[in-house]
Amino acid sequence: MLSEPRAGRLAAWGNALLAGLVSPDDAVLAIVGEDAVHRVLGLPGESSPVGLTLALGRLRTLGVTGLRVALPAPGHPLGLSGPPEFNARALEAEEAVVCHGAALGLVPDVYEAGPEGVRDEVVWHALPVREAPPADVPSLGEAERELAEALREATEVLTRLDVAGSGPVTEAAVDAYRARAERGREVLAPGYPPRAVRVLELAQRVGALIGVATESGHGGAVSSSEISARREALRPVERTARRAQVAAYNSVVEERERGVR
C-alpha cells in the first residue's frame, strides 16, 4: 500500500476543493483517476449512493473543513481514532478518509466494472467516527527525518540480502516502481506545501525498494523462507514509509489546525 492510495487522492483533491482552489469537476476527475466511477453510500440525508460531486458538497454542508488519510495495517491503526467498527472496516480496506469538522469517515469498497474488469467501480461507505487525534501520525518534519534514516536502512538491508546485484530482472522491476513513484508526483493537489510533496515522493521511493525486495524471484535470495526474512527485515521501514505518506496527505489539515494557513 505504498503506491497511490485512493484515500490519498480523495483527501488531497477534496481538501483543495474545500479550500476553493479547484473546481468540483476538476476535483472529481482527479479523484476518480483511471476508475470507472466513484459513489458515496450512507451520507446523512441520502438514502442511496450519490456521486462524488454531490457527496463533497454534502460534506461541506455537514461542517467538514478538511479530510485526513488513514493507512492502517494489522497491529498498526495508523490515522484511525475509532470506533472499533470503523477501524475494522478501514483495516480490511487498508485505507480510509476521516473527515475533520464532522464525525464521519469514508471507507472504499472496490468492484470490477467494464469489460473483463479493466476498470474499477468504487463505493465509499460513510460511517460514524470518533472525533479524537488520529493514531501515530507524525509531523512532516518528523516524517522527513525518519524517512531519511529508513532509506539508508532499506538500502543496507537490500545489499545484505543480495537484491542489488541480481541482474536485469530486478533492474526492470526497479524501473517499474520508479515509474509508479513518478506518477505519484501528481497526487498532491493545489494548496499542499512543497515539503509535503517531497516527503510523499521519498516515501514512495522507499516503498519502491520494499516492493522490489519482497517480490519473489528478485535478488539472490529466492526461497520462501528468504523472501519471508526480507519482509521481516523491512517491516519497520515499511511502517515508517506509511506514516510519512499519511503525514504528507494530512499536512494541509494539520497546518490549518495550527493556524499556519
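Basis for what follows: all heavy atoms, side chains included, without hydrogens, waters or symmetry-related copies.
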- Message: Between Val50 and Leu62, is there shared hydrophobic-cluster membership here, with clusters defined by ILVMFWY side-chain heavy atoms closer than 4.5 Å?
- Response: yes
- Decide yes or no for Val206 and Thr240: does some side-chain heavy atom of the first lie under 4.5 Å from some side-chain heavy atom of the second? no
- Do Gln245 and Leu200 have side chains that get closer than 4.5 Å, going by heavy atoms? yes
- Task: Using modelled atom types only, decide if a donor and an acceptor are shared between the side chain of Arg58 and the backbone of Pro44 within a distance under 3.5 Å.
- Result: yes
- Does any non-hydrogen side-chain atom of Ser251 lie less than 4.5 Å from one of Tyr192? yes
- Query: Just how far is it from atom CG of Leu188 to atom CD of Glu201, taken to the nearest 0.5 Å?
  - Reply: 8.5 Å
- Could you check Tyr111 against Asp120 for side-chain contact (heavy atoms from CB on, under 4.5 Å), going step by step and ending with a plain yes or no? CA-CA 6 Å; Tyr111 307 92; Asp120 291 327; over 6 Å; no
- Calculate, to the nearest 0.5 Å, the distance between atoms CG and CH2 belonging to Leu21 and Trp13 respectively. 10.0 Å
- Query: Would one find more than 12 heavy atoms of other residues, nucleotides or ligands at under 6.0 Å from atom CD of Glu149?
  - Reply: yes
Only pairs under 3.5 Å count here: list side-chain donor-acceptor contacts from residues 67-85, not counting sequence neighbours, and write none if there are none.
| unit_1 | atom_1 | unit_2 | atom_2 | d |
| --- | --- | --- | --- | --- |
| Arg68 | NE | Glu254 | OE2 | 2.8 |
| Arg68 | NH2 | Glu254 | OE2 | 3.4 |
| Arg68 | NH2 | Glu257 | OE1 | 2.7 |
| Arg68 | NH2 | Glu257 | OE2 | 3.3 |
| His76 | ND1 | Arg242 | NH1 | 3.4 |
| His76 | ND1 | Arg242 | NH2 | 2.9 |
| His76 | NE2 | Asp136 | OD2 | 2.6 |
| Ser81 | OG | Arg130 | O | 2.7 |

- Please name the pair of heavy atoms, one in Gly66 and one in Leu18, separated by the smallest distance, quoted to 0.1 Å. N-CD1, 3.8 Å
- Inter-residue atom distance Gln204.CD - Leu147.CG, 0.5 Å rounding: 11.0 Å
- Item | Student check: side-chain heavy atoms of Glu46 and Val40 closer than 4.5 Å | no
- Query: Is Val252 linked to Val197 within one hydrophobic cluster, defined over Ile, Leu, Val, Met, Phe, Trp and Tyr using a side-chain heavy-atom separation of less than 4.5 Å?
  - Reply: yes
- Task: Any chance you could measure Glu255, atom CD, to Asn250, atom CG, to the nearest 0.5 Å?
- Result: 11.5 Å
- Indicate yes or no: at least one non-hydrogen side-chain atom of Glu121 is less than 4.5 angstrom from one of Val110. no
- Sidechain-backbone polar pair: Glu144 side chain, Arg195 backbone, donor-acceptor under 3.5 Å: no
- Message: If I take atom NE2 from residue His38 and atom CG from residue Leu52, how far apart are they, to the nearest 0.5 angstrom?
- Response: 6.5 Å
- First locate atom CG of Leu41, then atom OG of Ser48, and finally report the distance between them rounded to the nearest 0.5 Å. 8.0 Å
- Minimum side-chain heavy-atom gap Arg60-Leu17 below 4.5 Å: yes
- Message: Are the side chains of Asp109 and Trp124 in contact, using a 4.5 Å heavy-atom criterion?
- Response: no
- Task: Would you please test Val122 and Arg6 for side-chain contact (heavy atoms from CB on, under 4.5 Å) and show each step?
- Result: CA-CA 9 Å; Val122 180; Arg6 289 181 173 89; 3.4 Å; yes
- If you look at every heavy atom in Ala12 and Ala189, which pair is closest and at what distance? O-CB, 3.4 Å
- Message: If you define the side chain from C-beta out and look only at heavy atoms, does anything of Cys99 sit under 4.5 Å from Leu59?
- Response: yes
- Task: Show which residues join Leu29 in its hydrophobic cluster (side-chain heavy-atom contacts under 4.5 Å, direct or indirect), or state none.
- Result: none
- Message: Any donor-acceptor pair under 3.5 Å linking the side-chain atoms of Asn15 with those of Tyr249?
- Response: no
- Task: Indicate the atoms forming the closest heavy-atom contact of Ala102 with Val64, along with that distance.
- Result: CB-CG2, 3.7 Å
- Looking only at non-hydrogen atoms, find the nearest pair between Ala7 and Val97 and report the distance. O-CG2, 3.5 Å
